[in-house]
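Below is one structure, written out as structure tokens; the observations come after it.
Chain naming here is simple, since letters A, B, ... match the order of the sequence lines and numbering starts at 1 in each.
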There are 4 protein chains.
Amino acid sequence: MTQPSVMGRPRDSSRDLAILDATLSLLTEVGYEQLSMEAVAGRSGAAKTTIYRRYRDKAALVAAAVERRAPAKPPQPAGESLREDVHSLAAWLARSISEQDVGLLGALFAGMRNDARLAQAMRRILRRDETAMTDGLVRQAAERLAPGAATLFAEVASAVIVHRIVVVGEPCDAAFVAHLVDDILLPLLRRT
Amino acid sequence: MTQPSVMGRPRDSSRDLAILDATLSLLTEVGYEQLSMEAVAGRSGAAKTTIYRRYRDKAALVAAAVERRAPAKPPQPAGESLREDVHSLAAWLARSISEQDVGLLGALFAGMRNDARLAQAMRRILRRDETAMTDGLVRQAAERLAPGAATLFAEVASAVIVHRIVVVGEPCDAAFVAHLVDDILLPLLRRT
Amino acid sequence: MTQPSVMGRPRDSSRDLAILDATLSLLTEVGYEQLSMEAVAGRSGAAKTTIYRRYRDKAALVAAAVERRAPAKPPQPAGESLREDVHSLAAWLARSISEQDVGLLGALFAGMRNDARLAQAMRRILRRDETAMTDGLVRQAAERLAPGAATLFAEVASAVIVHRIVVVGEPCDAAFVAHLVDDILLPLLRRT
Amino acid sequence: MTQPSVMGRPRDSSRDLAILDATLSLLTEVGYEQLSMEAVAGRSGAAKTTIYRRYRDKAALVAAAVERRAPAKPPQPAGESLREDVHSLAAWLARSISEQDVGLLGALFAGMRNDARLAQAMRRILRRDETAMTDGLVRQAAERLAPGAATLFAEVASAVIVHRIVVVGEPCDAAFVAHLVDDILLPLLRRT
DNA sequence: AAATAACCGAGACGGTACGTCAAGTCTTGAG
DNA sequence: CTCAAGACTTGACGTACCGTCTCGGTTATTT
């Protein structure tokens, strides 16, 4: 008398890894729209059935693949100066968003209409970094910041970075990060 | 003895309108990914051939449809106070971006990899509003603004608005616009 | 450890029947040129992909459909008289060729250039009847026939019948069969 | 007071030639089915309109193209011997039918269902040679022939030749013509 | 000398069908 | 119950021709 869920052959967890790895690499290579389940099956060596047993459809698969990425802890602020702390955070955030590629953001947009759950999931992922990030900043330099500064940082920094990548279409290089920190973030955070 | 380029039956411009109208309405209704050429043909009453004669593929069609939208002139600043000018501009921008629906933004994201021309076109469109907008602001209140304030406004305002709609997933209501103006834009613009 | 060739879901043989039946009936109704794969798919209830998985193109499909027809055994000669035997064979052949409709013969002609395999298949079919037929005739009345009479019968009889149907464009009625037997076949076969 | 048909610019007869020439050459090259009106227009340098003004559709065009061929008078029988006369006629007929290519016969088959007039026209063409041919034979050797021999010759000879080309799929070489004459035609014609 | 009328090239137009691709479901045989 | 393999329905893709329809412009005849 066992639970029905442990009957039969257990799922092969190596299949999970193979599937998500294949999904992530294909996502980076060809983007969301051009990503085909058949290609994922081919590259991962899994049958389409095996994929669909785990994920309801393409959107769910992509959401899971993105979610699985290493959480990429934000750097702890060294505390030497506010500018340095903000700069290292902004640089980390820019790198982190850039890496997860446009195709991934496309998934968010494309999937929002059809699958509110996917949209929710991807929003959670995109914002997870922000909340994790602001904690450290606040603990380190609470007295030097305006009230609500942490929230503002999360809101403005990622907004401007995403805008830079997607709308402007240029990379977040060192000059841009400096501009972001000196012209936008610090002026906002310092004020009372 | 005429140029060969003016020979043959000229294109029926009413077809252009019908096709682009159908494209825009379908784009709003079902989004970029679910938009099918067959549906555009059906709704516009044009044959698929007629569409493909004009646009190489779906990306090109969507780019053209979006480009055709009325430029939507920004409001001229009344000049009563800096806050009111900035607020009216921000409200107009929020409304303007919200209206052109997520499916349209999705087109930008999803199409960027496959069609650099689409990406370019949509970037141009998203930014056209910005540049048109800042001129009035600068002329009206140049002495009250920090140098480079107009550029900063365009960059930060639309970034935060897009972020709000897409990533946060909540509407740009009056409270949000007020927050945007008072907590972000004015502090940035006012500094010397 | 099984052969890779027996893996996967086997083809549904009921689909084969449905497809070939639909093809044959449409072939009879509208002819080869007007026969569309879409119509075959519709009538057979099979998806177009299912048809294309089995047959490379229209020519191959038609070849298979024609090949599948029941072999239609020729009547055994009763042996009462040479004339009666030849007459019953000729009548059977005329009926057999007439039934398989002009569209089918058109497939042979029209498809020959594009698909040598189709041509081969249809030739085999048109001639299969002939060879099967002559055996009985020879066994029954070998001593009364000229040498090589069986081959001659097959060659001339079907040639004249096909010519009658296609070039002359008139039916192979009783009078024509009598003419064929009395004026052409018997004079040729009887000679020593 | 003139007929309305002579008003306006008269048709350019050089267009007729160009169109029919292009049709015939394409017919030989690619066959009836693969023959496209667009290709005829391209090769002939005529506009599609110009073709459709003259011929209702593809079938009518092909019929006209075939009809235009030089009638190719059959050789007058030299009268030296019946065998030689029959042989020269059969050889000429075989050559004549072979030349007008399979695609042309395909046109007959394919067009019959859709256009009875085309079928009629092509039958007339295929049989024109026969009737023209038998006259000479009869005048030359009437007393040596069975009654109705000329008709029989026309019927059987072209039937066996067409059958050879289309169904058997082998060329009408010298050996075949000899076989046709000695084993089939002469035995039939000589008998009373 | 105009006006008229049919012609011609070019090519856009609404269609129909093509053959291909991918999505998501279903069916086998083996583990 | 899982897995790999692969057949299945569905639906859209982008292409090729079909036969029709403007266009601008060219001959001829008719007024």
Hey, are Asp16(C) and Arg11(C) close enough for a salt bridge, meaning a charged N less than 4.0 Å from a carboxylate O?
no
Name the nucleic acid region contacted by Thr50(C), choosing base, sugar-phosphate or nothing; use a 4.0 angstrom heavy-atom cut-off, strictly under.
base
Expressed in angstrom and rounded to an integer, what is the separation of Arg53(C) atom CZ from dA5(F) atom P?
17 Å
Using a cut-off of 4.0 Å on non-hydrogen atoms, how would the nucleic acid contact of Ala46(D) be classed: base, sugar-phosphate, or nothing?
sugar-phosphate
Ignoring hydrogens and angles, are the base of dA5(F) and the side chain of Thr49(A) linked by a donor-acceptor pair under 3.5 Å?
yes
Taking the six-membered ring of Tyr52(A) as reference, does the NZ or CZ atom of Lys58(A) fall below 6.0 Å from its centre and within a 45° cone about the axis?
no
Has the side chain of Ser36(D) got a donor or acceptor that lies under 3.5 Å from a partner of the other kind on the base of dA16(F)?
no
Looking across every strand, which nucleic acid part, if any, lies under 4.0 Å from Lys48(C) by heavy atom: base, sugar-phosphate, or nothing?
base
Look at all strands and tell whether Ile51(D) reaches a base, only sugar-phosphate, or nothing, counting heavy atoms closer than 4.0 Å.
nothing
For a quick check of understanding: with a heavy-atom distance under 4.0 Å over all strands, which category does Gly42(A) fall into, base, sugar-phosphate or nothing?
nothing
Under-3.5 Å donor-acceptor pair between Arg9(A) side chain and dC3(F) base:
no
Quick check against the 3.5 Å criterion: does Asp57(B) have a side-chain atom that pairs as donor or acceptor with the backbone of Ala60(B)?
yes
